[in-house]
Amino acid sequence: MNNDFMIEVSDLTKRYAGHTAVSGLSFTVGRGEIVGLLGPNGAGKSTTMRILSCYMPATSGTVRVAGMDVFTDADEVRRRIGYMPENNPLHPEMRVREYLKFRARLKGMARKHSRERVDVVTEQCGLTDVSKKIIGHLSKGYRQRVGLADALVHEPDLIILDEPTIGLDPNQIRSVRQLIKDLGRTHTVLISTHILPEVEMMCNRVLILHKGKIVVADSPDNLQKLMSGSSQIIAEIAAPQDELRACWEQFAEIEYYDLSPTEGEFHRCALTPRNGMDLRPQIFALARERGWILRELTRNRYSLEDIYVRVTHPDEEGEEG
Amino acid sequence: MQAYIVLTRRELASFFVSMTGYVIIAGALFLIGFSFVDLVVKLQSEPTPMPITELFYGTAYFWLILLTAAPVITMRLFALEKFSGTFETLMTTPVSDLQVVLAKFTAAMMFYMLMWLPLLGCIFILRHYTTDPGVLDIGAIGTTYLGIFLLGGLFMSLGCFASALTRSQIIAAMVSFTMGITLFLLSFLGNQLSTDTGWQMQVLNHLTMVEHMLDFARGIVDTRHVVLYVSLTIWFLFLTLRVVESRRWK
């Protein structure tokens, strides 16, 4: 077995009565990677995570975590995984420290060791101030940290987080993200989310799932490059409209253009170049030559959001094209 | 083993961190108190050769307590965890399904036996105020508690099963209450058919819980009853385990 991979999924299929949640999914995650699982609701993210964490078995296909099969070595795999399900369920009547201790003991840790680990994760997740409080009385951000602390308490190799930042306010999101980023230095992390900037900020690699299949798997940077083939250039130029029109018509490298007047003399030109060339130097040179005033010249980079929308709505794209 | 103990402790503790535990104990205490008053009034009017425990059982509050408390104690066990999602965090730790089922059942049993402790108090009050030491038959008290324990086992396992079936505590309580009442009423079906001597009658005779408990209260331990309750308890725990496992093949 190749031990470089933390997760190896091959040809994973999960069928529920009546519908297929995941079909023929294959991917690998290396040790120490932070991988983001993206996809619209119902794409099969949670199902995949539940199978990985041995909550339920796959209909067919094999899943290995750290070289062990999740079906035959379920107990050993569970010991190596820290899993936080969607909505982060906790026992609201317990106190934070009591809950973490209970979970550590449940995961088979010795009393003394569990006490030490609870101290460590309490500190790590910033729960020291609230460790004696009842979980039901905590704010959502703190509860999320309790869930994270629970996922970490038994020193797992792999951390699986299902939508860890959902329902948090921006400050809380920021601190939870930072926490996850820090975890990525020492652990392998698999997170699912629909918040795209999150993935761009945290992950080394993105898997976009759609209708139970992987449609894109690459790093956020590579995806950018992949998509830039159809990037646009925006130029705001002060010049008579007719002159601009005539100029763009003659410009061989420009496939389409769009003009719209803004305040004063300025016009906003959206230019789509052929073959994804970067025409900014040429446009600047042109403006200088003709004495136009150029106040903005940018290249529209496709954000992950565009990629996401594009790959998860291939039907609509098809109709347009 | 560690997981089993840790889980049992948490389950038992959860009765006492919320109101439910105290409400159930208070309700049971109230009804036991009633039967105690009933008993004292009876004892005042006429002397009787029956042991105290049988007199207690004769007040019929016993069944009221058993039939109503069992669903309330057990309804939470699985249904709440499934509803709140903690079932998923529980099942992704290295614990087996069997450990989970047994831990929940054990905690429910422990709480149930705790609920019956006030009865001992009543018996000791009687002993304190009588001059006749024969009033208190330790053996009969022991067998009464054995009966309470065995019947409790059946009703708790029934409750576990009902709770594992659903995400709603209300539905769990209703299902276990209905099944419990049905089992209880089988005792009276036997009386209705008393002229009949066929096999149906024989089967029903083995299922008359009212008579079984009367035996225990008199101080009689019939192994047939013990075997019946132990095997029914195991049967319902087995069913519960199958339901818990069913997420794997559903």
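A note on names: the letters A, B, ... follow the listed sequences, proteins ahead of strands, and every chain is numbered from 1.
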Could you tell me which of A:M56, A:E98, A:M94, A:E86 has the largest number of non-hydrogen atom pairs under 4.5 Å with chain B? A:M94

Checking A:D75 against chain B: side chain, backbone, both or neither under 4.5 Å from a heavy atom? both

Are B:T166 and B:S168 close enough that a side-chain donor and a side-chain acceptor fall under 3.5 Å? no

Step through it carefully: locate the ring centre of B:Y229, locate the ring centre of B:F149, and say whether they are under 6.0 Å apart. no

Given that the side chain runs from C-beta out, which part of B:F87 has a heavy atom under 4.5 Å from chain A: side chain, backbone, both or neither? both

Ionic contact status for A:R50 with B:E88, cut-off 4.0 Å: yes

Tell me, for A:I134 versus chain B, whether the close heavy atoms (under 4.5 Å) come from the side chain, the backbone, both or neither. neither

Turns out that what part of B:Q99 lies under 4.5 Å from chain A's heavy atoms comes down to neither

Most contacts with chain B, counted as non-hydrogen pairs under 4.5 angstrom, among A:G82, A:P85, A:A74, A:G147: A:P85

Applying a strict 4.5 Å limit to non-hydrogen atoms, the region of B:L90 in contact with chain A is both

Does any heavy atom of chain A fall under 4.5 Å from the side chain of B:S18, the backbone, both, or neither of them? neither

B:F111/B:W116 aromatic ring centres below 6.0 Å: no

Kindly say whether A:K107 contributes a backbone atom to a donor-acceptor pair with the side chain of B:T93 at under 3.5 angstrom? no

Can you tell me if A:T62 and A:S10 form a side-chain donor-acceptor pair at under 3.5 Å? yes

Salt bridge A:K45-A:E163, side-chain N to carboxylate O under 4.0 Å: yes

Can you tell me which portion of B:V95 sits under 4.5 Å from chain A's heavy atoms? Options are side chain, backbone, both or neither. both

Answer key: most heavy-atom pairs under 4.5 Å with chain B among A:H154, A:M109, A:M84 is A:M109

